[in-house]
Structure formats: structure tokens, C-alpha cells
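Chain letters run A, B, ... following the sequence lines, proteins first and then strands; every chain starts at 1.
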2 protein chains.
Amino acid sequence: MMQSGQGAPTLEMVATRAGVSRATVSRVVNGSPKVTAEVVAVVNEAIAALDYVPNRAARSLASRRTQVIALVVPESTARVFSDPFFASVVQGVALELAQTDYTLNLLIATEADSEKTRRYLLGGNVDGALVVSHHSGDHSYTRLGRELPIVFGGRPMGADVVDSTYVDVDNVEGARTAARHLIEAGRTRIATIAGRQDMPGGVDRLAGWRAELELAGLPHDLVEVGDFSPADGAAAMRRLLARGVPIDGLFAANDQMAAGAYSVIREAGLTIPGDIAVVGYDDDRYGETAAPPLTTIAQSPVDLGAEMARVLVRRLAGEPVERVTMMPTRLVSRASV
Amino acid sequence: MMQSGQGAPTLEMVATRAGVSRATVSRVVNGSPKVTAEVVAVVNEAIAALDYVPNRAARSLASRRTQVIALVVPESTARVFSDPFFASVVQGVALELAQTDYTLNLLIATEADSEKTRRYLLGGNVDGALVVSHHSGDHSYTRLGRELPIVFGGRPMGADVVDSTYVDVDNVEGARTAARHLIEAGRTRIATIAGRQDMPGGVDRLAGWRAELELAGLPHDLVEVGDFSPADGAAAMRRLLARGVPIDGLFAANDQMAAGAYSVIREAGLTIPGDIAVVGYDDDRYGETAAPPLTTIAQSPVDLGAEMARVLVRRLAGEPVERVTMMPTRLVSRASV
DNA sequence: TTGAAAGCGCTAACAT
DNA sequence: ATGTTAGCGCTTTCAA
């Protein structure tokens, strides 16, 4: 099935054909500066003629570098993997890494064999790792940061946060913007459907909402928590309405929960934004066609992923990197406010 | 923890500690049947004691197998990567592969350097590849099937289809089920918002819808095509309504377009299912909380991904595999019909 | 059933 | 600036 000739051409074959030593070919392949331009040309010609591609395994074995970066998605996150946010982060990482010499190793880390994942990562199989959105529970990955270069996506929650490198969307600022928008629209009884409080995004968005309401001297006790799913958003909205107190504004910690809230608001015979103005978070594609179109806080998960990859690659190259990178958010104003 | 002094423990260290040769340790690690149970035990003890993890590069170099499977997502697909369907397929693949000795190499293949991708795949970097949903345009991958074991996700559209191995959801049957459901509900003027006709899913779902209407002796000319996005679904619905002919049933080729159609139907002052009964496809999480909840055709993209991985792994193991595997679909009946 | 020995294709000192 | 020479850690005949 695999043969197109007699096996792949080796560096040695290139050397022979170019009339130089293997070491020289290796230098050319790795872009060493100390090779004559003429020699480089001859070698490259031979490489092209033979359609030579370096053997990763051999290269890795000899150099003790794998050129592999693992993208670890904890299973708990994978459960909401169908959430476009995570999918896009993965996409961003893949696209960025494609520009480099690194290969992407996608790992769904089930909690069952987290030890296996640990072993794998520390077993010299990868040069570094990218870990997306993990909860306060799995400190294992924050710990790993001491033995393997790791860049987290989203602020890690744990004891070792102080010396972890991470890239995050500015959840606090995004939530403040959302709350401010509601306040500027004249709303005074603003509720929020917060996200899981064991996830940084859940905590930070709630904190931002609260901070802005406090600043405006408005009450900030209309809080219900959901798990980021539409169904839970609907349930939270139901609880909010059941409190029997008036509500004229709502900030949902993500668009999926906002979608759930929409249906409950409608069921209750209330209008959006007439009775309740709504702001979501994430700007996933459904908000656009919702009725009314959802005002939301946009971030670019693809950019987040790409930035994580960039930071790790720079760090692997020995360059100094900032420990924290914040990705900006922006308000997408539509008809729900 | 880590052995003092040098880096990771090597097979040789295990051999020394267990008092056997490196060859024997290798056999144990690879599960060779011809090693005494006692020896196996001793070796495994040493492995555990040293926290030994085989070095992939060395293993790969010596065995001439990479133990790497590439998951290729054409960029055109990645654009709709935020579509939960693809994200879930990726998840399924990752979970399945985690059960094996294979490593997942995720590749977003940009059309710009498709040649680079080709080289990479044929350069001995992977043992096999999984390719998801590609269009009629990129025959490159169907061709690759001759030189590298490949399993496609979704029926490949191209000249070499006949000798490609693929796993697909049964789009034709799913669409027939949707149409039948609408017919059984007494609808007689059933329209469809078909998906892109350069994608197998688009073609097959349209064909299934048409076949079922023909069978029932109903007209099947109410067709508009969308690109699977909510926005395009809305546009298609607008065109359908603009025809000025009565419509009492709608089959959307995916839930995202159904979501778009919903908003247009509402805008037009029509009710669901009163005026128009709607059936979607994919059962993504929004359908549940739509108003009214969307009746749809469910497939399991995670299972699809897992099955693709399973088929490829079996094939790499030299076992005979079925060229075509069809994953079942099922009707999820909610309030939109 | 086990061991000895010869590489797998490449990089990295160290020489020249 | 280029070549020589050892390995990197493992699998795999081939013998014993």
C-alpha cells in the first residue's frame, strides 16, 4: 500500500547526490547560517530532485526534540466541546501551528486515565502543551507546568496560578461592558444568568457584571447560575422569573444560555427588549438569527487559540514570553437591548 | 518520581533492573506472546518502578511505523468548524484513538498549501489518515487513498469514490424519514431548504426528501439551496415564501438553517407548526430550546468519528474492513410538526 | 524462550 | 565552512 518507489529518500541519498557530507545536508535542511550559498543551492537541488522529506522520528530521536505540541482538552470541557467556542480555539491552534514546524497532537483527557495523560506528556512525547479551559478540580495540569512548558487557554484556577502562563479573553471587562450597555439603556433591575462557578469564565463574568452594577449603585442580587447550556439557561431564567421581582435587563454568561432564556421569556408573555433587554456572551452564530437578534459580547476564540500557540512556540524557542495575555472583547449591538 | 541524574528512563535501564536483555523488555512492552509469565511480571515490575514510558521517536524509527494518524480537516470545512457537527466528529476520533496506541495529529488543510499537506502525509509522517467532509473540488485526498490508508468521514465526491473507504451518516434515509414524518402529519405542500450541492450531505438529503415525496405522489419543486448557515437558511426561507405558493411543511437540511427559517417564518406572521411544520437535521443543541422545539433528524457525530477511527485502526492492523459503513439516524420528534 | 548485534535516519560535538 | 564520528532509544533478525 505504501510504496511509491523503494522507500523514502534519506538524507544520506541527498548527500551523495549533492556530493557533500550528511552533516552539511543536515545543516542546510535546518537552515544553519554557516553554509556557502553555492553549497546550499546544490543541496536544495538534490533535495528537490529526490523529493526528500526529513524523517521526523530520526530527527526527533537525535535532537531530543519532538516538534510536537499537545493540545489537551479535559473531558469535562469536551462534554461541551460542541460549544463552538472550544471548537474554534482548537481551530485557531491548528491553523497557527500549521505555519510552524510543530505538529499538533490533540488529546482528550478523560479523568479516568488522567495519570496516563500525565505520563504521556512527561514521557518525552511532546515539547510542550496547550491546555484549554480546565476547572478548579484538575490541579494536575497546573502542576505539570513545572516540568513541561505549558500555556493555558483561560485562566487556570488553582494554587499554582501565579507561575502559570496563560492566554485569556478578558471576561471581566467583557461582562462589565455588557452590564454598562444595559445600564446605559436605562435598565435598573438587571439580572444575570451566571456560568458555572467552578470555571474561570463563569466566575469572571459574574464578577464583571457585579462590579459594574455596584459602580452604578444598582442592586446586584438577581443572580442564578447555569451550566452554560441552553437548557440550563432556560431553567435559570425560570427561577429568576419565579422570584416575582421585576426584571428589565438580563446578562447571560453565554449565548447558549441566552437562547434558553429567550424561550422562557417568551413563554412568560414578556417581550425582548420591551420588557427585558438581553445581552449574551460569545457571539456564536445563533444570536444573529434569534428573534430579536441578540446583543452580545464577542471574542475571537480562533484568535485565542492562535495566540496560545504563538506564545508556546516562542517560549519553546527560548524567547521570553509574557505570563498573561489578555485578548480583547467587543460589544456587538443588535436588537435585544 | 523522575529518576535521578539522566532524563527519562530507557528500555535499557528497565532491562538492567529486571536482569534481562533489552530485546526481552521490548517484547514485553509490545505484548509478544512468547515470553514467560514470570519474566513478564519481573519486567513489568521494573517498568512500574522506574516509571518507564517508551520513547515514541525511537520506537518509530526502529519499527518504521509512526503510530500517528492524521485527522485532516479541509479549510473549507473548518470555516464551518464552529458547526457542532464537525467539532463532535473530531471529539469522537480523539476519544477513540485515546484507547489505542495511536496519536492524533490534527491538520487543518488550507487550500493554499495543499501540496504541503500532501507531502506531509506521504512523507512517512503518519501511518494513515482520516479526512472529514470534503467537497467535490479536492480530489487530491481521494487520490491519496492509493498511497496511504485513508478513511473518509462522509461519502467522498469524486472520481475515485469507488475505491475509497468511508463512514457516513445515512443522509438519504434520514431525509426520507423527515419527509415521511411531514407527510404522515398530513402536509402536502412540503418545501425543503437544501444544503450546498457540492457537499454529499447537501445532495443526499435533497435526494432523500425528493424520493419520499415522489413516492407519495406529492410535488417536489419547492427547493431552495443554502450554505448550512442560519443566515443562509433565513435567506432561502425568504425566497421560498416569495414564490407566493402555499407551503405547509418544511424540511431544512440542517438545524442551523432551520433556525434561520424559523425567524423568517415568524416575521411573516406564520406559525409553527400551525401554518408550517418544520423538520430539521442534525439535532444540535439549539433545536431543543427553539420555540417551538424543533423536530429533527439526529445522528451521532461523535459515534461517526469514533467509527472512522476504528475502521482505520483495524485496517492498519491488516484486518479486512468494509468499504462503506453507514451510521444510523433517528427522528427526534418535538413540537415543530 | 531469550540474547546479541545490527541498524532505523538523523543531529551534534569535535576535528579539520 | 565542511567532514568525521558517535550515538539518540528502540525493534528485529539471527543464533543459541
Just to be sure I understand the geometry, which residues of residues 28-43 of chain A put a non-hydrogen atom under 4.0 Å away from DNA chain D?
Lys34(A), Val35(A), Thr36(A), Val39(A)
Residues passing the side-chain hydrogen bond (donor to acceptor under 3.5 Å, both in side chains) test with Thr10(A), sequence neighbours excluded, are none
Checking side chain to side chain contact (heavy atoms under 4.5 Å, CB included) between Val311(A) and each of Leu316(A), Leu130(A), Val167(A), which is the one that passes?
Val167(A)
Taking any heavy-atom pair under 4.0 Å as a contact, classify Val20(A): base, sugar-phosphate, or nothing.
sugar-phosphate
Arg22(A): partners by side-chain hydrogen bond (donor to acceptor under 3.5 Å, both in side chains), with sequence neighbours left out:
none
I'd like to know if the side chain of Thr16(A) reaches the main chain of Glu12(A), judged simply by a donor and an acceptor atom lying under 3.5 Å from each other, with no hydrogens or angles considered.
yes
Between which nucleotides of DNA chain C, read 5' to 3', does contact with chain A run, using atoms under 4.0 Å from its heavy atoms?
dG9(C) to dA13(C)
Kindly write out the residues that satisfy salt bridge (Lys or Arg N to Asp or Glu O under 4.0 Å) with Arg119(A), not counting sequence neighbours, or none if the list is empty.
Asp51(B)
Is a side-chain N or O of Lys116(A) found less than 3.5 angstrom from the main chain of Ala109(A), in a donor-acceptor match?
no
Without swapping roles, check the side chain of Asp127(A) against the backbone of Ile69(A) for a donor-acceptor pair under 3.5 Å.
no
Determine the contact category for Arg65(A): base if any of its heavy atoms lies under 4.0 Å from a base atom, sugar-phosphate if only primed atoms, P, OP1 or OP2 are that close, otherwise nothing.
sugar-phosphate
Taking any atom under 4.0 angstrom from a heavy atom of chain A, which nucleotides of DNA chain D are the first and last to qualify, 5' to 3'?
dA1(D) to dG9(D)
Only pairs under 3.5 Å count here: list side-chain donor-acceptor contacts from residues 101-108 of chain B, not counting sequence neighbours, and write none if there are none.
residue, atom, partner, partner atom, Å
Thr103(B), OG1, Tyr120(A), OH, 3.0
Asn105(B), OD1, Tyr120(B), OH, 2.6
Asn105(B), ND2, Leu104(A), O, 3.1

Counterpart residues, salt bridge (Lys or Arg N to Asp or Glu O under 4.0 Å), relative to Arg310(B) (two or more places apart)
Glu96(B), Glu307(B)
Take the C1' atoms of the five end pairs on each side of the helix from dT1(C)-dA16(D) to dT16(C)-dA1(D), get both axes, and report the angle to 10 degrees.
30°
What are the residues of residues 47-54 of chain A, sorted by number, that bring a heavy atom to within less than 4.0 Å of DNA chain D?
none
Interatomic spacing from CG in Leu304(A) to CG in Asp168(A) - rounded to 0.5 Å:
7.0 Å
Could you walk me through whether Met326(A) and Val169(A) pass the side chain to side chain contact (heavy atoms under 4.5 Å, CB included) test, one step at a time?
CA-CA 5 Å; Met326(A) 278 295 182; Val169(A) 281; over 6 Å; no
Test side-chain hydrogen bond (donor to acceptor under 3.5 Å, both in side chains) applied to Asn30(A) - qualifying residues, sequence neighbours left out:
Ser26(A), Arg59(A)
Judged by nearest nucleotide, the residue sitting upstream toward the 5' end of DNA chain C, Leu61(B) or Ala23(A), is Leu61(B)
Shortest non-hydrogen pair, Pro54(B) vs Val29(B), comes out as CG-CG1, 4.1 Å
Sorted by chain and residue number, the side-chain hydrogen bond (donor to acceptor under 3.5 Å, both in side chains) partners of Glu322(A) (sequence neighbours excluded) come out as Arg314(A)
Between Thr36(B) and Val39(B) (side chain of the first, backbone of the second, donor and acceptor by atom type, cut-off under 3.5 Å), is there such a pair?
no
